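These notes are about the structure you will find just below.
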There are 2 protein chains.
Amino acid sequence: MVKKKATRPYHHGDLRAALLEVAEKALEKGGSETLSLRELSRELGVSSMAFRNHFANKQALLDALAREGLNRLGVALNRAISDREQDFDTRIIKFARAYVRFAMKHAALFRLMFLSKHRTGAPAELIEASYRALAPGPATVADGQASGAVVQGDPARLALVVFSAVEGLIAISTDGQFFGQPLDRLTEEIVSQIILGLRPRL
Amino acid sequence: MVKKKATRPYHHGDLRAALLEVAEKALEKGGSETLSLRELSRELGVSSMAFRNHFANKQALLDALAREGLNRLGVALNRAISDREQDFDTRIIKFARAYVRFAMKHAALFRLMFLSKHRTGAPAELIEASYRALAPGPATVADGQASGAVVQGDPARLALVVFSAVEGLIAISTDGQFFGQPLDRLTEEIVSQIILGLRPRL
DNA sequence: ACCTGAACACCGTTCAAGT
DNA sequence: ACCTGAACACCGTTCAAGT
């Protein structure tokens, strides 16, 4: 996130930031395919091609949006596991909840984030941003290994099981078929299940 | 799937089927947003608006494609659990594998299927097609309950845990981070984990 | 450095018309 | 019943030009 000097040249102090802001709003109520650059420009009272000074094309704007989203997810996940005094189970459940909550709260952005990073020819920068954002997962698993709560093995590989559980919850959550169970409770249940498999054999 | 008489009126015996076929091919290598009706029409050597006799608009064509995909998934899932002599664990693992394999093999179609049915204002027909396609999940759980392999409770609710596991696998599989483990094996591992939670308490 | 405006090659959809 | 072709209102992107 490079800060630009607010020289207020034509219409805005920072057209780039303004574009990202309205783009995210448009995203959240229409998806990435219905998002129109011309419409965004109209909203901001700027010419259709003003955005060209800040983004090479539409894809570049979407990538920037995805990158920003990944950074925000990373912050949320880091905060969730920040208390290193807590035991592994508590931390990993908080991690899972933060992940699921982010996906629920910013559904369209979340979809874009993983659509962008998985598309063929995604910029390396985006892949790296994703690794950084998700790093709290493996990190917590590694801490769990250090305290004897988790079996030995590659933390990234073991964390994959947690990611799988979380992504599964997110996927089925759009069905809204929770039979009245709050999502936080379901997250705890499923992740608790997963934790059992990560336990060292007695 | 209503069969039309092959009267070969202008260009095709069945333009509807031909459209669905090329549309799926286009989908599989470009996503639903880059799919162009005009381009499909050109490929079939037909006017841009010929499709209008078979589909009200682009969305209707995508919905039809999603519906067809759901039917095919349903067939695959039914086949996976068809041997009622097998025990619960075997059947539900086969179910999960069939699900994951379908999603891998028809990635773009799979995405479209769940994008279509989850979008606001999705036709009821699509929702029903989805329930029918996924029915083998709850059905297998119900069989498991009958044989004492699964705890009591709403089969649809219990099956949700299996769906969650499977969807999670699919989500992370696009990352291709399996550390050399075959997906079938990982599916078995994770679903086996899930099964433990479905067991009646001794 | 930042923004404009006309032009180009695409879209999906509507409508009147053809057979 | 099925298909065509012109027209309309949109796109994203390129390019030459403005300050």
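Keep in mind it's a predicted model, so treat the numbers as computed, not measured. Below, chain A is the first sequence line, B the second, and so on; all start at residue 1.
No donor-acceptor pair closer than 3.5 Å links the side chain of A:Ser164 to the backbone N or O of A:Leu160.
Nucleotide D:dA6 is matched to C:dT14 when pairs are restricted to Watson-Crick or G-U wobble geometry with both distances under 3.5 angstrom. A 3.5 Å limit on both hydrogen-bonding distances identifies C:dT19 as the Watson-Crick or G-U partner of D:dA1.
For the pair A:Ser36 and D:dC11, the criterion of a side-chain N or O lying under 4.0 Å from OP1 or OP2 is met. Phosphate proximity of D:dC3 to B:His54: present, with a side-chain N or O under 4.0 Å from OP1 or OP2.
Rounded to whole Å, the distance from CG on B:Asn57 to P on C:dC15 is 14 Å. Protein atom CZ of A:Arg52 is 18 Å distant from nucleotide atom P of C:dG5, rounded to whole Å. Between the C1' atom of D:dG5 and the CZ atom of B:Arg38 lies a distance of 11 Å, rounded to the nearest Å. Rounded to a whole Å, the CZ atom of B:Arg42 is 13 Å from the P atom of C:dA9. Rounded to whole angstrom, the span from the CG atom of B:Leu44 across to the P atom of D:dT4 amounts to 11 Å. Distance CG (B:Asn53) to P (C:dG18): 17 Å, rounded to an integer number of Å. One atom, CD of B:Glu39, and another, P of C:dC10, lie 10 Å apart when rounded to the nearest Å. Taking atom CZ on B:Phe55 and atom P on C:dG12, their separation rounds to 14 Å, with Å as the unit.
Here C:dG12 is the nucleotide among D:dT4, C:dG12, D:dC3 with the atom lying nearest to any side-chain atom of B:Leu37. Residue B:Met49 places its side chain closer to D:dA6 than to any other of D:dT13, D:dA6, C:dC3.
Nucleic acid contact for A:Leu61: none, since no nucleic acid atom lies under 4.0 Å from a heavy atom of the residue. Across all strands, B:Leu35 comes closer than 4.0 Å only to sugar-phosphate atoms, never to a base (heavy-atom distances).
Donor-acceptor pairing under 3.5 Å is lacking for the side chains of A:Asp143 and A:Thr140.
Using a 4.0 Å cut-off between a side-chain N of Lys or Arg and a carboxylate O of Asp or Glu, B:Lys117 and B:Asp63 do not qualify as a salt bridge.
Between B:Phe114 and B:Tyr99, the ring planes are tilted. Angles from 30° to 60° get that label.
Note: B:Phe163 and B:Phe95 meet the aromatic proximity criterion, with ring centroids under 6.0 Å apart.
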